[in-house]
Undergrad: 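The structure follows.
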Amino acid sequence: MFCASPRRRLSRADRSSPLLNKLGCTLAAFVVQSKQFPVARNNCAKTVAVHVAARCALDWKVRCDGKRRRPESLLIMSEESVTDDLEVTKNTPPVATIAEIGRHEGQSVTLRGWLYNSRESGKLLFPIFRDGTGSIQGVAHVKSVTPEVFEKLKGLTQESSVIVTGKVRADKRAPGGYELDVEDVHVVQRVPESDPYPITLKEHGVDFLQERRHLWVRSPRQSAILRIRAEIMRAAAEYFDSNGFIRTDPPILTPAACEGTSTLFPVDYFGDPAYLTQSGQLYIESTALALGKVYSFGPTFRAEKSKTRRHLTEFWMIEPEVAYMDLDGLMELAENFITHVIESVLKNRAPELHVIGRDAAKLEAIKAPFPKLRYDEAAEMLNQAYKDGKLEAPFEYGNDFGSPDETWLSSQYDRPVMVHRYPANVKAFYMDPDAKDPRYALCVDVLAPEGYGEIIGGSQRVSSYELLSSRIDQHKLPRAAFEWYLDLRRYGSVPHSGFGMGIERLVAWVCALDHVRETIPFPRMLNRMYP
RNA sequence: UCUUCAGUAGCUCAAUGGCAGAGCAUUCGGCUGUUAACCGAAGGGUUGUAGGUUCGAGUCCUACCUGAGGAGCCA
């Protein structure tokens with residue numbers, strides 16, 4: 001058996017191959033011509049047969065059964081094995097995914113997956129299978145399958161890996177709408193009773209689950225969250241890619257602090273000190289002045305000893321940076337960007353939102369423009385809230401907002417709220433002062449609704465060499481390490497702006513999770529490095 | 001760094017200072033439509049660690065360890 005790389009187009013002759021009919025499966029059998037396996041037009045079944053599995057992923061568009069399909073894998077059987085394998089192919093129903101099982105109603109299919117759970121009622125077995133795309137309940141009656149299959153299924157343990165064949169049947173009682181009447185089962189690996197799968201369908205504590213994160217990701221809820229995360233990352237990159245941005249990723253190993261504030265992870269770089277990046281911002285300011293509109297997308301590291309539901313020590317950030325963009329342009333960019341990501345999740349991950357019990361109506365309300373508040377206005381609201389007894393601590397004008405302040409502010413709106421023009425002295429050294437009143441910085445924080453706090457922080461950057469130079473001195477930053485950054489103001493400096501968005505906080509909000517640890521496959525936290 | 005809470009069976013949790021318990025999981029038995037199935041039975045314990053108070057400590061006290069939430073800081 002050979003694996004073929006699916007680069008060729010199918011010819012008309014392939015599509016009308018008699019093999020399709022011969023094999024009698026809707027999705028899957030083709031004859032392919034190639035130099036490696038020359039075939040005669042009308043005699044191809046004897047030389048090379050290609051079985052295109054029904055699951056999908058590759059870039060082929062195959063026409064069969066009147067519909068376009070995207071086959072996932074294909075096996076080319078050698079000349080010698082054609083006869084035998086054709087028999088096998090005849091007898092093995094096409095591989096299907098549970099997510100798309102409805103296309104096979106009334107037909108026999110092969111599922112490759114795991115046993116999620118098993119119930120039994122006397123002579124009736126109800127094994128529930130999952131395959132990564134979803135789950136489906138199988139039904140096996142002692143009289144409907146061979147005794148061998150019945151016994152195999154009866155003693156099967158949770159999370160054993162199985163290849164199961166059966167007939168798809170629509171059933172009103174089934175949560176997914178379909179059930180599988182089991183015909184045959186092949187147990188790939190059986191989990192032993194003596195050491196059963198640790199994560200049962202009952203409740204578990206946070207610590208227990210986190211110690212077993214490598215298994216926890218199999219649970220329906222965690223899988224759904226990771227699917228939503230993937231969609232958020234895809235849609236985020238898509239927004240910038242399709243709006244003229246060039247992705248330029250900054251280094252992860254850096255010689256010095258980017259912002260001079262956060263705590264960094266030191267690493268030994270051939271005997272010299274180096275640090276894991278806490279932000280790519282300074283570097284993409286450079287590429288923005290080279291390419292105009294750029295973004296970066298990658299992991300960042302903060303060694304702060306924060307243990308809250310909003311913090312990870314390793315998290316992913318997407319950061320756009322645009323030459324000649326001012327703060328107003330940046331705020332518009334941020335709201336359009338978030339709107340696009342939310343729309344994509346609603347469009348492409350509705351089933352997953354349902355699995356995790358997320359109220360989609362709350363996300364449907366997320367449309368640009370977002371409410372915008374000056375820092376002063378927000379401060380006034382917080383003072384009033386304190387007077388009304390809605391906040392425990394009074395807000396001190398001139399400070400940055402605390403977590404309870406952010407939570408209260410964001411809970412006042414049904415969409416993200418943008419707070420801009422903070423006092424310059426509580427913000428980073430690279431933020432441009434407002435020309436109308438230099439006590440304020442041209443910066444913006446985007447606070448997610450429902451109390452999820454800051455998801456975006458951005459600003460217009462200082463473009464004056466003199467100002468930046470004096471700021472670096474004021475903040476007592478190591479000047480030598482910032483010479484290259486000052487060069488950006490020596491040579492063709494322009495106003496420019498950018499923001500950073502933390503992926504995990506966005507995922508936590510979109511999924512309405514209690515904690516960011518569930519938003520990333522393997523969270524890294526203050527007290528957690530395993531697995 | 002500060003602060004609050006928690007640690008008992010594989011898991012989730014009970015137990016007034018007085019015999020160490022339940023549900024789930026595992027094993028065995030029963031059930032022809034179960035939805036975290038159900039019913040019956042069995043096995044399963046150095047109560048985080050080290051001290052202390054007490055006739056007697058899972059329970060009270062001290063220290064430490066581990067975990068969780070919050071503050072600060074941040075995305």
Undergrad: How would you label the contact of A:Glu120 with the nucleic acid (heavy atoms, under 4.0 Å): base, sugar-phosphate, or nothing?
TA: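 If one applies the 4.0 Å heavy-atom cut-off, A:Glu120 turns out to touch a base.
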
Undergrad: Do other residues, nucleotides or ligands put more than 12 heavy atoms under 6.0 Å from the CZ atom of A:Arg439?
TA: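 No, the 6.0 Å shell around CZ holds no more than 12 heavy atoms from other groups.
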
Undergrad: Using the C1' atom on both, measure B:A57 against B:A75 and round to a whole Å.
TA: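 Result for the C1' pair: 48 Å, nearest Å.
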
Undergrad: Tabulated below should be each protein N or O lying under 3.5 Å from an N or O of nucleotides 1-4 of chain B; please produce it.
TA:
unit_1, atom_1, unit_2, atom_2, d
B:U1, O4, A:Lys305, O, 3.1

Undergrad: For the rings on A:Tyr375 and A:Phe401, is their centre-to-centre separation under 6.0 Å?
TA: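 Yes; A:Phe401 has its ring centre under 6.0 Å from that of A:Tyr375.
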
Undergrad: For A:Tyr295 and A:Glu321, run side-chain contact (heavy atoms from CB on, under 4.5 Å): C-alpha distance rounded to whole Å, both residues' side-chain angles, the deciding distance at 0.1 Å, then the answer.
TA: CA-CA 6 Å; A:Tyr295 75 102; A:Glu321 191 74 30; over 6 Å; no

Undergrad: Counting neighbours of CD on A:Gln474 that are heavy atoms of other residues, nucleotides or ligands and sit closer than 6.0 Å, is the number greater than 12?
TA: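 Enclosed.
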
Undergrad: Any N or O donor-acceptor pair linking the side chain of A:His141 to the base of B:U32 at under 3.5 Å?
TA: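 Flag set: donor-acceptor pair detected.
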
Undergrad: Stems involving RNA chain B: give each as a range paired with a range, ordered by first number, where a stem means at least three consecutive Watson-Crick or G-U wobble pairs under 3.5 Å.
TA: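 Expected stems, ordered by start: B:1-7 with B:65-71, B:10-13 with B:21-24, B:26-30 with B:38-42, B:48-52 with B:60-64.
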
Undergrad: Can you measure from CE (A:Met325) to CZ (A:Arg461) and round to the nearest 0.5 angstrom?
TA: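 Going from the CE atom of A:Met325 to the CZ atom of A:Arg461 covers 11.5 Å.
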
Undergrad: For this output row, return yes or no: ring centroids of A:Tyr530 and A:Phe522 closer than 6.0 angstrom.
TA: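 For A:Tyr530 and A:Phe522, the ring centres are not under 6.0 Å apart.
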
Undergrad: Is A:Glu203 touching bases, backbone alone, or none of the nucleic acid, heavy atoms closer than 4.0 Å?
TA: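 It contacts base atoms.
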
Undergrad: Do A:Tyr485 and A:Tyr430 make the cut of ring centroids closer than 6.0 angstrom?
TA: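 Judged by ring-centre distance (under 6.0 Å), A:Tyr485 and A:Tyr430 do not meet the cut-off.
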
Undergrad: Given the structure, check if the side chain of A:Arg212 and the base of B:C11 hold any donor-acceptor pair shorter than 3.5 Å.
TA: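 Result: no qualifying N/O pair found.
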
Undergrad: Run the side-chain donor-acceptor check on residues 175-183 of chain A: report pairs under 3.5 Å with partners two or more places apart or on a different chain.
TA:
unit_1, atom_1, unit_2, atom_2, d
A:Glu179, OE1, A:Arg169, NH2, 3.1
A:Glu179, OE2, A:Gln137, NE2, 3.2
A:Asp181, OD1, A:Arg169, NH2, 2.9
A:Asp181, OD2, A:Arg169, NE, 2.8
A:Glu183, OE1, A:Ser108, OG, 3.1
A:Glu183, OE2, A:Ser108, OG, 3.0

Undergrad: Looking only at side-chain atoms of A:Arg310, point me to the closest of B:C73, B:G67, B:A75.
TA: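 Nearest to the side chain of A:Arg310 among the choices is B:C73.
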
Undergrad: Base of B:C11, side chain of A:His204 - is there a donor-acceptor contact under 3.5 Å?
TA: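 No.
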
Undergrad: Atom CD of A:Gln158 and atom C1' of B:G10: how far apart are they, to the nearest Å?
TA: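 Those two atoms, CD and C1', are 13 Å apart.
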
Undergrad: Would you kindly give the CD1-to-P distance between A:Ile136 and B:U35, to the nearest whole Å?
TA: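 It works out to 18 Å between those atoms.
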
Undergrad: Heavy atoms only, 4.0 Å cut-off, all strands: where does A:Ser403 land among base, sugar-phosphate and nothing?
TA: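 Contact class for A:Ser403: base.
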
Undergrad: Taking NZ from A:Lys427 and P from B:C74, how many angstroms apart are they, rounded to a whole number?
TA: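 It is 7 Å, rounded to the nearest whole Å.
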
Undergrad: Near RNA chain B, which residues from residues 172-180 of chain A have a heavy atom under 4.0 Å away?
TA: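 Under 4.0 Å from RNA chain B: A:Arg173, A:Glu179.
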
Undergrad: Say you pick atom C1' in B:G10 and the same atom in B:G45; how far apart are they, in whole Å?
TA: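 Pairwise C1' distance, B:G10 against B:G45, rounds to 12 Å.
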
Undergrad: Going by heavy atoms in the side chains, are A:Asn348 and A:Arg234 under 4.5 Å from each other?
TA: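 In short, these two side chains touch, coming nearer than 4.5 Å.
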
Undergrad: With RNA chain B as reference, determine whether A:Tyr197 or A:Ile128 sits nearer its 5' end, using the nearest nucleotide of each.
TA: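 On the 5' side of the pair lies A:Tyr197.
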
Undergrad: On a whole-Å scale, what distance lies between the P atoms belonging to B:A50 and B:C65?
TA: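 To the nearest whole Å, 15 Å.
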
Undergrad: State, yes or no, whether a side-chain contact exists between A:Ser118 and A:Leu156 at a heavy-atom distance under 4.5 Å.
TA: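 No; the side chains remain at least 4.5 Å from each other.
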
Undergrad: Using atom CZ of A:Phe208 as one end and atom C1' of B:U66 as the other, report the distance to the nearest whole Å.
TA: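 Rounded to whole Å, this separation is 16 Å.
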
Undergrad: For B:U16 and B:G40, measure between their C1' atoms and round to the nearest Å.
TA: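 Each nucleotide's C1' atom is 34 Å from the other's.
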
Undergrad: Checking all strands, does A:Arg221 fall into the base, sugar-phosphate, or nothing category for heavy-atom contacts under 4.0 angstrom?
TA: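 It contacts nothing in the nucleic acid.
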
Undergrad: Applying side chain to side chain donor-acceptor pair (under 3.5 Å), name anything that partners A:Tyr452, two or more places apart in sequence or on another chain.
TA: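 Per chain and number, A:Tyr452 pairs via side chain to side chain donor-acceptor pair (under 3.5 Å) with no residue.
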
Undergrad: If you take the centroid of each ring, where Trp contributes its six-membered ring, are A:Phe240 and A:Phe337 closer together than 6.0 Å?
TA: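 Yes - the distance between ring centres of A:Phe337 and A:Phe240 falls below the 6.0 Å cut-off.
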
Undergrad: Take the angle between the ring planes of A:His475 and A:Phe429 and call it parallel below 30°, perpendicular above 60°, tilted in between.
TA: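 Tilted.
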
Undergrad: Starting the side chain at C-beta, find the nucleotide from B:A37, B:A75, B:G69 nearest to A:Arg119.
TA: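 For the A:Arg119 side chain, the nearest candidate turns out to be B:A37.
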
Undergrad: Could you say whether A:Leu312 or A:Phe126 is positioned toward the 5' end of RNA chain B, judged by the nucleotide with the nearest heavy atom to each?
TA: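 Final value for this comparison: A:Phe126.
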
Undergrad: Check nucleotides 39-49 of chain B against the protein and report each pair of N or O atoms closer than 3.5 Å, with its distance, or say if there are none.
TA:
none

Undergrad: Please give the distance between the P atoms of B:A22 and B:A42 as a whole number of Å.
TA: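 That atom pair is separated by 10 Å.
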
Undergrad: Counting any heavy atom closer than 4.0 Å, what does A:Gly402 reach on the DNA or RNA strands: base, sugar-phosphate only, or nothing?
TA: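 Touches sugar-phosphate only.
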
Undergrad: What interatomic distance, in whole Å, is found between C1' of B:C11 and the corresponding atom of B:G29?
TA: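 Those two atoms are separated by 25 Å.
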
